[in-house]
Protein chains: 2
Amino acid sequence: MKKKRNITLKELAKELGFSISTVSRALNDHPDISSETKVSVKKLAKQMHYAPNLFARGFRSQRSHILGVIVPNIAHLFTSTILKGILEEAELRGYRVIISESNNNEAKQIEMLNTMSQFGVDGILMSLTRKTKKIDEVLPILNRIPMVLFDKVSNKVPCTQIVINEEEAAFNAVEHLIELGKQRIAIIKETENSYNSEKRYAGYLRALKHYGLRVREKIILSTEDISLSHGRRLTNILLSMKKRPDAIFAITDNAAIGAIKALHKFKVKIPEEIAVVGFSNSVNSTIIQPALTTVDQPGDRIGRTAVKFLIEEIENPKTDVITKTVEIKTSLIVRDSSLMA
Amino acid sequence: MKKKRNITLKELAKELGFSISTVSRALNDHPDISSETKVSVKKLAKQMHYAPNLFARGFRSQRSHILGVIVPNIAHLFTSTILKGILEEAELRGYRVIISESNNNEAKQIEMLNTMSQFGVDGILMSLTRKTKKIDEVLPILNRIPMVLFDKVSNKVPCTQIVINEEEAAFNAVEHLIELGKQRIAIIKETENSYNSEKRYAGYLRALKHYGLRVREKIILSTEDISLSHGRRLTNILLSMKKRPDAIFAITDNAAIGAIKALHKFKVKIPEEIAVVGFSNSVNSTIIQPALTTVDQPGDRIGRTAVKFLIEEIENPKTDVITKTVEIKTSLIVRDSSLMA
DNA sequence: CTGAAAGCGCTTACAG
DNA sequence: CTGAAAGCGCTTACAG
């Protein structure tokens, strides 16, 4: 009973007394075919539950209509929200999506890239591993398959890149704190030079400069792993200083939540004594007390935009290499952690 | 420069002076081929960066080595954790994974099922939409393609089902509250008869019965949408009662967190006056104050197990219909919301 | 308006 | 041990 074979064009043709060619053309609405023929062919096709073998079609036409997606870790709400956008947009345009994880492992990333290419995907959407050094191994793939990077990108890879307006978002967040009257604004960022961390830091610096505030090296803290526990740890350091900051801008929500937990412990009033701003608008940011002011990153729009640009490239191949960077707008969500009465 | 064609068997054969057949067999380690030939063929293949066209291979062998996955909503941490398990296990076994969403829409679910089948996936992994009534439309697919259900399942679909030990997990959670000395234990569950809600409710009832506690209809509350806000709403109702419950078992973490927020508002001491237990071990459960006691569901194990059973069925097709239910063990994580000194 | 035939890249039963 | 040939299901240039 299992694996009952699907109906093929051949069977339809036999049943109808037409040739395979005619049946194929009728189903594809080829202008040469008479409308009577089309009607009768389509009727029988429906009746017999004919469904074209997409594998054969893809094989024949050298177009799989599959997009390959590679992300560091799928089990992240932000990542899966991007994937949701990718799935929706791809489906709308008649593409299917194969997803795989690099697990933040660069060798695995290259391997997946090769498998995808070998498999015959029409294009690749990728978010890079945390540290992607060996760009040279990515480049040869680019010659064969259109690629678009999103979220974790690198301008060393010459292709379209979809990101959020990291720098501007950080500027706005810090500006918000300044408008609140805060003067000594600490930042918690990443040690390594990730694209995202760098940009957010740049936005922080620009805001201070723009409003004429001094840059105080002592309250610029970095950590390898920008997590809740490290957010807490660094905040403890800030609290032990003779002159405490009056606000903390953490470049991720998790670190900001760690900061809030540390502030709770020392009974520091939020936001009166120290205000806190995060980045991501994760679910957690609404659970923590006080609710966290943060930057909302529209994951689904990132995904949809990436798909749009990729399909554009697939369907209108250019011979020239185009490197454009598309910035998706974010918005600051002000909540109790920075809301002064 | 784009779309440089891949090397084919034909080109390898021409280069080597062998026939295509021989080259194919040499690369696949066919026993008939001399080892010298194999060595030289493989060497050239490597040198020329030959990669088999998986599309052609799949087409020819009628095996795509692709698994189709259909979930209601990918942008859910629990779902994406299951997907992570699926991806890892599938990759380990040489399968690729196509993911799509049903958006909790039954018509879409059928459509995706048909697309997957048409596309030629070797098997399907599915988590059902919230209300799946038209099982008859799912059944014909089962005749053509092996399928395994996970998480949101239905015993009306005759195939392997991977679930967690819902009933037992709920029993353990309630038992834990009883051991704490709680006597009036409220439950917040779903109105509609979802598989998960029913089982958890059954476990709740069994625990009460086992320990000789009365079942009090008034503190058994249901809601259509088992969310944070409804958890809060129902808890307000519980607090307005003349005789309040001394514990709340919410069948999801979100509802439990809503309960905690309502308790905070009315300054009810947790867990002394009212203890709270949730279900899922979501990230939020550690962010809320007090940290929430909850049931940990190992998503990745669910995913891995589902893949194992599916591939087993693909590779050893049975003519008989086998409906087995596999229960993945969960564990109760006790935290401050039910921790009495 | 319709059909016969080639071919996408591979595997495999058949022949030697 | 190796090769010529068929065929998976489809599309499409060529011919009529």
Side-chain angles (χ1 to χ4, degrees), chain A residues 3-42 44-45 48-66 94 115 117-122 144, chain B residues 3-42 44-45 48-66 94 115 117-122 144:
Chain A
K3 271 281 175 192
K4 195 171 63 177
R5 285 166 29 73
N6 287 307
I7 305 290
T8 65
L9 279 188
K10 201 200 232 170
E11 295 167 71
L12 279 183
K14 198 172 163 194
E15 192 77 16
L16 284 157
F18 280 118
S19 72
I20 295 178
S21 331
T22 302
V23 175
S24 168
R25 282 192 272 246
L27 290 171
N28 291 319
D29 268 325
H30 191 97
D32 275 2
I33 304 294
S34 75
S35 45
E36 293 170 69
T37 307
K38 281 183 189 169
V39 170
S40 65
V41 168
K42 285 181 181 174
L44 185 72
M48 292 179 72
H49 292 108
Y50 169 74
N53 179 323
L54 296 179
F55 233 83
R57 178 182 282 176
F59 171 50
R60 164 65 221 233
S61 60
Q62 303 286 12
R63 282 282 308 281
S64 63
H65 278 263
I66 300 184
T115 310
S117 144
Q118 185 184 149
F119 189 74
V121 298
D122 288 347
R144 280 183 285 144
Chain B
K3 271 280 175 190
K4 195 172 61 181
R5 285 165 31 74
N6 286 307
I7 304 291
T8 66
L9 279 188
K10 200 200 232 170
E11 295 167 70
L12 280 183
K14 196 169 164 197
E15 191 79 14
L16 284 157
F18 280 118
S19 71
I20 295 177
S21 334
T22 301
V23 174
S24 168
R25 280 192 275 249
L27 290 172
N28 291 317
D29 266 325
H30 191 97
D32 274 5
I33 305 295
S34 75
S35 45
E36 294 169 68
T37 308
K38 284 183 189 170
V39 169
S40 64
V41 169
K42 287 180 180 174
L44 185 71
M48 291 178 72
H49 292 106
Y50 169 73
N53 178 323
L54 296 179
F55 235 83
R57 179 183 279 177
F59 172 52
R60 164 66 221 232
S61 59
Q62 305 286 11
R63 283 283 306 281
S64 62
H65 279 263
I66 300 184
T115 310
S117 146
Q118 184 184 150
F119 190 76
V121 299
D122 288 347
R144 280 183 284 144

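Side chains included, hydrogens not; waters and symmetry mates left out as well; all remaining heavy atoms used. First the proteins, then the strands, lettered A, B, ... as listed; each starts at 1.
Here the side chain of B:Thr8 is nearest to one of D:dC10, C:dC10, C:dT2, namely C:dC10. Comparing atom distances between the A:Thr22 side chain and each of C:dT2, D:dT12, D:dA4 picks out C:dT2 as nearest. Distance from the side chain of A:Leu9 is smallest for D:dT11 among the nucleotides D:dT2, C:dT2, D:dT11. When the nucleotides C:dC1, C:dC10, D:dT2 are ranked by their closest atom to the side chain of B:Arg60, C:dC10 comes out on top.
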Begin from the C-alpha positions of A:Val41 and A:Leu16 and carry the test side-chain contact (heavy atoms from CB on, under 4.5 Å) through to its verdict.
-> CA-CA 7 Å; A:Val41 168; A:Leu16 284 157; 3.8 Å; yes
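A:Leu44 places none of its side-chain heavy atoms less than 4.5 Å from the side chain of A:Glu11.
At whole-Å resolution of the value, CD1 in A:Ile33 and P in C:dG3 are 8 Å apart.
Nearest-nucleotide positions on DNA chain D place B:Ser19 closer to the 5' end than the other of B:Ser19 and B:Ala56. For the pair A:Ser35 and B:Arg57, nearest-nucleotide mapping onto DNA chain C gives the more 5' position to A:Ser35.
For the OP1/OP2 pair of D:dT11 and a distance below 4.0 Å, the side-chain nitrogens and oxygens of A:Asn28 include at least one atom meeting the criterion. Listed pair A:Ser34 / C:dC1 fails the phosphate criterion, with no side-chain N or O lying under 4.0 Å from OP1 or OP2. The shortest distance between the side-chain N/O atoms of A:Arg25 and the OP1/OP2 oxygens of D:dT12 is not below 4.0 Å. Under 4.0 angstrom from either OP1 or OP2 of D:dT2 there lies at least one side-chain N or O belonging to B:Thr37. The side chain of B:Tyr50 contributes an N or O atom lying less than 4.0 Å from OP1 or OP2 of C:dC10.
Considering A:Val23, A:Thr22, A:Asn53 in turn, A:Val23 is the only one that fulfils the side-chain contact (heavy atoms from CB on, under 4.5 Å) rule with A:Leu9.
To the nearest 0.5 Å, atom OG1 of residue A:Thr115 and atom CD of residue A:Gln118 are 6.0 Å apart.
Partner assigned to D:dC14 is C:dG3, using Watson-Crick or G-U wobble distances below 3.5 angstrom.
Using a 4.0 Å heavy-atom criterion, one finds that B:Asn53 contacts the sugar-phosphate atoms exclusively.
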